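Right, one structure below, let's go through it.
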Amino acid sequence: MNTCRLLLFDLDGTLLRSDKTISRRTCNALQNCREQGILIGVSTSRGEQNALTFIRELQPDVLIVSGGALVKYHGEYIYKAEFSGEETRQMIARAREVCGRDCEITIDTVDAHYWNYKIDPKKQDESWGDSTYTDFEDFHENSLKMCVEIFDDSLAERLCVELPDCDFVRFSDGFWYKFTKKCATKENAIREMGAVCGIRTEEMTAFGDDYADIGMLRLCGTGVAMGNAIDEVKAQADLIIGSNDEDGIAAYLEMVLNL
């Protein structure tokens, strides 16, 4: 940690406990890191609007959202990988052709999160940011990310083939798959951010738990898997710490920083 200049945290399953809160102990540890000159970053597959509760709480120096499609440094946009409105329309059409017209879809734009949800997401997770309901019948806004709920693995693979210009990742805690620009991954976002900020990847420590975090953990100088991480993440990490419900991050930071 003597050479660490930036800590990068995934949110769900990593910095957030199962109840979607950040523990006081973890907040204190992050504040101590700041006091020692270490920057704090969030790197999440959530869109910015869906992470606002935690962004306001953490005030991160670096923000990577929508799976790497959008990057902010000290509140200023420094990288954006968008689909055009026509590309977005075609992606939605492909998803409906392959998975059925009633499949649930979410779209992140720079300013909003759209969803043809059957149940209001805030009834399931109070921390969830605002989602705008739409039936996607005439949707053609520029977008950062599309997620599709797909219960059949074969249909997911077929949609991946139908959208060859997209990066395709499954979330392990359900049946949702994310599609972003091929270049829009957490690791590519980190490279873009590092070039602007003057921070080398070997000076970064990243924490994660799911498939979308693997590239980030492999890229950064130290890749840390949570105790609750999937096996594939643990296999690629430099070390494994306690789970998100055991203050694993706080315990690790306290140990390495002698707090």
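Everything numeric here is computed off the predicted structure, so don't read it as measured data. All heavy atoms count here, side chains included; hydrogens, waters and symmetry mates do not. FYI, the numbering just counts along the sequence from 1.
If you look at Tyr114 and Phe136, their ring centroids are not closer than 6.0 Å. When ring centroids are compared, Phe171 and Tyr177 stay outside the 6.0 Å threshold.
Not a single donor-acceptor pair under 3.5 Å links the side chain of Asn228 to the backbone N or O of Asp209. The main-chain N or O of Gly85 is found under 3.5 Å from a side-chain atom of Asn142 such that the two form a donor-acceptor pair. For the pair Arg170 (side chain) and Gly174 (backbone), a donor-acceptor distance under 3.5 Å is present.
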*Please test Asp165 against Lys181 for salt bridge (Lys or Arg N to Asp or Glu O under 4.0 Å), starting from the C-alpha separation and ending with a verdict.*
CA-CA 7 Å; Asp165 295 328; Lys181 285 277 191 180; over 6 Å; no

*salt bridge (Lys or Arg N to Asp or Glu O under 4.0 Å) between Glu149 and Lys118, worked out*: CA-CA 12 Å; Glu149 188 176 34; Lys118 297 179 175 67; 5.9 Å; no

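Between Asp12 and Lys20 there is a salt bridge, with a side-chain nitrogen of the basic residue lying less than 4.0 Å from a carboxylate oxygen of the acidic one.
Annotation: side chain of Met216 is in contact with side chain of Ile190 (closest heavy-atom distance under 4.5 Å).
Between Gln90 and Glu86, the side chains place a donor N or O and an acceptor N or O closer than 3.5 Å (distance only, hydrogens not considered). Asp238 and Thr222 share no side-chain donor-acceptor pair at under 3.5 Å.
Below 30°, between 30° and 60°, or above 60°: for Phe179 and Phe168 the angle between ring planes is between 30° and 60°, a tilted geometry. The aromatic rings of Phe207 and Phe9 sit parallel to each other, their planes meeting at less than 30°, with 60° as the upper class boundary.
Summarising the local packing, CZ of Arg218 is surrounded by 12 or fewer heavy atoms from other residues, nucleotides or ligands at distances under 6.0 Å.
Each of Phe151, Trp115, Tyr211 was evaluated against Trp176; a single residue qualifies, Trp115, per the ring-ring contact (aromatic ring centres under 6.0 Å, His included) test.
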